[in-house]
Amino acid sequence: MGVLAASAPECRGVKELLSVAGLDPDRVHWRFRHPHTQVGLDLLFKQEAVESFIYSYRHGFSGFFALLTKSQSIKIAALPGVVSVTKNQVYHTQLEVGTLWDWTTISQMDYLHKLKMEMTTLLVSLTQLVYVELACILMGDVSEHVYFAFLGIWPESPSFADDGYGPPPPKWKGICQAGVSFGPNNCNGKVIGAQWYADDVEKGLLDGEFLSPRDANSHGTHTASTAAGNLVHNVSFHGLAAGVAHGGAPRARLAIYKACWGAYPTHGSCSRATMMKAIDDAIHDGVDVLSLSIVGPLETPGMLHVVANGITVVCSAGNGGPTAQTVDNSCSSPWLLAVAATTIDRLFPTAIILGNNQRIVGQSLYVATEGTDHFYVVLSYFGIECDPDYINPTDVKGKVIFCITPSNLSPSNNIAAIVNLLLNKGGKGFIFPQENTDLLYQWEVTSKLIPVIAVDLVVAYQILQYYTSTDTPKAKISSTHTTIGSGVPAPKVAAFSSRGPSPIYPGVLKPDIAAPGVNILAAAPQIAYYKELGVLYHFDSGTSMACPHVSGIVALLKSRHPDWSPAALKSALMTTALSTKNTGLPIQADGTLAKIADPFDYGAGFVNPKKGR
């Protein structure tokens with residue numbers, strides 16, 4: 001809980017204060033030598049020392065996090081030597097295998113005690129204002145191994161087995177912190193360290209959580225295996241995207257810093273102060289690459305401290321696209337590597353045979369075979385009729401529902417509600433138009449229950465034309481298959497991927513680079529949801545998925561070129577990025593209208609690690 005530290009004779013009062021608070025004064029760091037500052041802090045905090053202090057920061061910068069009244073914060077800000085006093089904020093994770101890596105050319109706060117007076121939660125930085133948010137921390141050393149750390153993890157996943165790994169390298173200074181359902185034996189030659197931080201977490205976020213480094217959300221496990229998962233054979237999602245899964249740096253080791261909380265299906269939330277503590281520990285432990293798959297409201301100048309320590313910072317550009325100037329503020333500095341999301345050369349075609357034997361194709365994740373040889377009556381709903389309040393529940397049993405909404409091709413709450421209605425009332429399928437299939441992953445929950453098929457507007461009108469030409473329209477829906485390779489034009493910038501320029505630094509090119517982030521198959525924690533699905537690996541989309549692709553590539557480059565600085569690593573990737581897709585034509589950017597991608601869509605282009613090395 002404590003935050004202050006002493007290293008000079010003038011700071012003896014702080015050492016006494018730390019001892020009163022139950023802290024070890026020799027384990028915290030204090031850089032202030034100004035006697036007036038020391039006296040001021042001593043007077044301010046003696047009364048509520050135990051309740052006030054939460055975190056201290058000593059490795060990247062000198063500072064502390066505490067619960068202060070408004071008057072206390074004003075007084076501290078006026079003390080000599082205090083650079084800034086900043087209110088804490090919350091950040092969120094960013095969500096929206098097979099031959100993936102081959103294709104990219106390489107084989108909320110509950111306070112511990114509430115004072116009776118009005119309180120303000122503050123972040124106090126004693127030498128530098130720092131804004132921090134974290135999704136994953138990646139680290140490496142100068143040998144052939146590279147070390148990573150992320151959010152929570154499911155260590156039993158095959159992606160994190162330690163077969164063939166030796167002991168951690170001598171440079172490793174981290175620990176394996178036990179907790180609920182996570183003991184010292186859960187660290188191994190692959191997962192070499194683990195820590196968790198819950199002193200600054202709202203109690204509601206802990207519902208269903210593990211008070212330990214174990215992942216209850218899936219975000220950490222998915223991104224960790226994307227960047228550094230082992231080579232695992234025979235991986236698929238119920239047969240889809242089958243093949244060999246591995247991360248960008250498959251022989252990497254991992255150290256876990258769980259600082260974001262929220263069990264599935266909530267998005268992870270992260271206190272800035274907690275992120276700072278995790279990053280501070282990671283700097284001490286020897287981190288080389290910091291990968292941030294979350295977004296925050298403010299720019300993060302404190303990341304300059306991280307980069308100054310030789311740590312490359314990779315971050316997700318955000319999921320606010322295709323609107324311009326939506327690149328995340330926390331990733332806008334020129335020393336950060338902001339990653340946009342693209343598709344890959346993989347589709348999941350699902351054949352629809354109409355009653356007139358016309359064959360059309362959409363995309364789905366439907367893997368069941370029951371009913372795939374049977375024609376079902378089709379009911380059509382146009383425009384505003386495509387609403388669960390309009391559809392008669394008694395009409396849907398044994399029917400395929402077809403919605404056409406030409407004025408709104410984006411996913412809506414109505415779609416999910418209609419799918420739920422069909423599941424409850426015996427519907428046999430749902431077909432609807434969508435601009436793209438960037439968010440196809442969200443239908444994996446229905447993969448064995450009911451086909452949910454996205455089609456483009458051309459196919460939708462073909463279905464409508466057939467529907468209006470017959471008195472008894474019918475359709476037969478097949479199981480989904482996987483199509484991969486040069487026959488699938490790729491990459492395309494995902495519609496959801498945030499666009500530049502930076503809203504706060506419009507003169508700085510953002511995003512910097514693009515990487516795969518659509519329907520990515522990676523490891524799943526064995527929490528109830530994925531157990532019920534019966535999968536060890538699952539799909540997800542977002543710039544959160546693109547970020548660890550680049551983080552893994554950076555780790556490989558760092559391992560091969562240990563003397564390269566973060567700037568050199570960033571330059572190597574940006575100057576070798578691709579601007580053309582696998583057909584030789586310019587990369588496109590999805591959106592309301594598809595267009596040729598430009599630097600505000602994908603930065604320097606699509607990451608090309610073979611050239612970057």
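These numbers were taken from a predicted model, which means no experiment stands behind them. The residues of the chain are indexed from 1 along the displayed sequence. Only heavy atoms go into these numbers, but all of them, side chains included; no hydrogens, no water, no symmetry mates.
You'll find the side chain of Leu337 reaches within 4.5 Å of the side chain of Val554, heavy atoms only. Residues Val607 and His549 are not in side-chain contact: their nearest non-hydrogen atoms beyond the backbone lie 4.5 Å or more apart. His561 places a side-chain heavy atom less than 4.5 Å from the side chain of Asp563. Counting heavy atoms from C-beta outward, Leu440 and Val518 have side chains that stay 4.5 Å or more apart. For the pair Val201/Leu206, a side-chain contact is recorded, criterion being any heavy-atom separation below 4.5 Å from C-beta on. Residues Phe348 and Phe539 are in side-chain contact: their nearest non-hydrogen atoms beyond the backbone lie under 4.5 Å apart. Put simply, the side chain of Pro265 does not reach to within 4.5 Å of the side chain of Tyr529, judged on heavy atoms. Contact of the Val339 side chain with the Val550 side chain is registered, since non-hydrogen atoms from C-beta on lie closer than 4.5 Å.
Residue pairs meeting the disulfide (SG to SG under 2.5 Å) criterion with at least one partner in residues 203-240, sequence neighbours excluded, do not occur; the list is empty.
Lys190 and Tyr165 share a side-chain donor-acceptor pair at under 3.5 Å. Side chains of His219 and Ser544: a donor on one and an acceptor on the other come within 3.5 Å. With 3.5 Å as the limit, one finds no donor-acceptor pair spanning the side chains of Asn608 and Thr576. Defined by atom type and a distance below 3.5 Å, a donor-acceptor pair is missing between the side-chain atoms of Ser159 and Asn230.
Salt bridge absent: Lys203 and Glu209 never bring a charged side-chain N and a carboxylate O closer than 4.0 Å. At a threshold of 4.0 Å, the pair Lys448-Glu532 does not count as salt-bridged, since none of the basic side-chain nitrogens sits closer than that to a carboxylate oxygen. Ion pairing of Asp512 with Lys570 is present here, as a side-chain N (NZ or NE/NH1/NH2) and a carboxylate O approach within less than 4.0 Å.
The two residues Tyr537 and Ser157 come nearest to each other via the heavy atoms OH-OG, 4.0 Å. Smallest separation of non-hydrogen atoms from Phe210 and Ala216: CD1-CB, 3.7 Å. In terms of heavy-atom proximity, Thr226 sits nearest to Ala522 at OG1-CB, 3.5 Å. Across all their heavy atoms, Trp196 and Ala178 have their closest contact at NE1-O, 3.0 Å. The minimum heavy-atom distance between Leu336 and Lys510, with the atom names listed, is O-NZ, 2.7 Å. Taking both residues in full, the closest heavy atoms of Ser497 and Thr543 are given as OG-CG2, 3.9 Å, listed atom of the first, atom of the second, then distance.
Between the Asn186 side chain and the Gly183 main chain, a donor and an acceptor come within less than 3.5 Å of each other. Judged by distance alone, with hydrogens and angles left aside, the side-chain atoms of Gln177 form no donor-acceptor pair with the main-chain N or O of Ile175 at under 3.5 Å. Using a distance-only test at 3.5 Å, with no hydrogens or angles considered, no donor-acceptor pair links the side chain of Lys277 to the main chain of Tyr57. No donor-acceptor distance shorter than 3.5 angstrom exists from the side chain of Asp162 to the backbone of Asn188, with no hydrogens or angles considered. Between the side chain of Ser551 and the backbone N or O of Cys547, at least one donor-acceptor pair lies under 3.5 Å. For the pair Arg214 (side chain) and Ser181 (backbone), a donor-acceptor distance under 3.5 Å is present. Asp215 contributes a side-chain N or O that, together with a main-chain N or O of Asn217, makes up a donor-acceptor pair within less than 3.5 Å. Although no hydrogens or angles enter the test, the distance criterion places no donor-acceptor pair under 3.5 Å between the side chain of Asp540 and the main chain of Ile520. Trp261 places no side-chain N or O within 3.5 Å of a backbone atom of Leu211 that could act as its donor or acceptor partner. When atom types are taken as modelled, the side chain of Ser447 and the backbone of Trp443 share no donor-acceptor pair closer than 3.5 angstrom.
For the pair Arg272 and Phe65, the cation-pi test (distance below 6.0 Å, angle within 45°) is failed.
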Which donor-acceptor pairs under 3.5 Å do side chains of residues 233-240 form with protein atoms, sequence neighbours excluded?
unit_1	atom_1	unit_2	atom_2	d
Ser236	OG	Gly239	N	2.9
His238	NE2	Leu533	O	2.8

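When each of Pro566, Ser291, Ser565 is tested with Thr312 by the rule side chain to side chain contact (heavy atoms under 4.5 Å, CB included), just one qualifies, namely Pro566.
Distance check: Glu444 CD to Asn519 CG gives 9.5 Å after rounding to the nearest 0.5 Å. Separating the CG atom in Leu365 from the NE2 atom in His538 is a distance of 12.5 Å, to the nearest 0.5 Å. To the nearest 0.5 Å, atom CG of residue Leu573 and atom CD1 of residue Ile553 are 6.5 Å apart. Between the CG atom in Leu290 and the CG atom in Asn309 there is a gap of 11.5 Å [rounded to 0.5 Å]. Atom-to-atom distance recorded for Leu557:CG and Leu569:CG is 6.0 Å, nearest 0.5 angstrom.
Note on ring orientation: taking the six-membered ring where Trp is involved, the planes of His59 and His284 are tilted (angle from 30° to 60°). Using cut-offs of 30° and 60° for the angle between ring planes, the Tyr257 and Tyr197 rings count as parallel.
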task = I would like to know whether Asp438 and Thr343 meet side chain to side chain contact (heavy atoms under 4.5 Å, CB included); could you show each step before the answer?
result = CA-CA 7 Å; Asp438 293 351; Thr343 64; 4.0 Å; yes
Steps toward side chain to side chain contact (heavy atoms under 4.5 Å, CB included) verdict (Phe160, Thr221) = CA-CA 10 Å; Phe160 311 126; Thr221 299; 3.9 Å; yes
request  = Begin with the C-alpha distance, continue with both residues' side-chain angles, and end with the deciding distance and a verdict on side chain to side chain contact (heavy atoms under 4.5 Å, CB included) for Trp154 and Ile527.
outcome  = CA-CA 9 Å; Trp154 199 266; Ile527 55 178; 4.0 Å; yes
request  = Tell me, with the steps shown, if Lys258 and Gln195 meet side chain to side chain contact (heavy atoms under 4.5 Å, CB included).
outcome  = CA-CA 6 Å; Lys258 184 177 176 180; Gln195 297 183 60; over 6 Å; no
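Every residue meeting the side chain to side chain contact (heavy atoms under 4.5 Å, CB included) condition with Ala194, not counting sequence neighbours, appears here in chain and number order: Phe182, Cys187, Pro213, Ile256.
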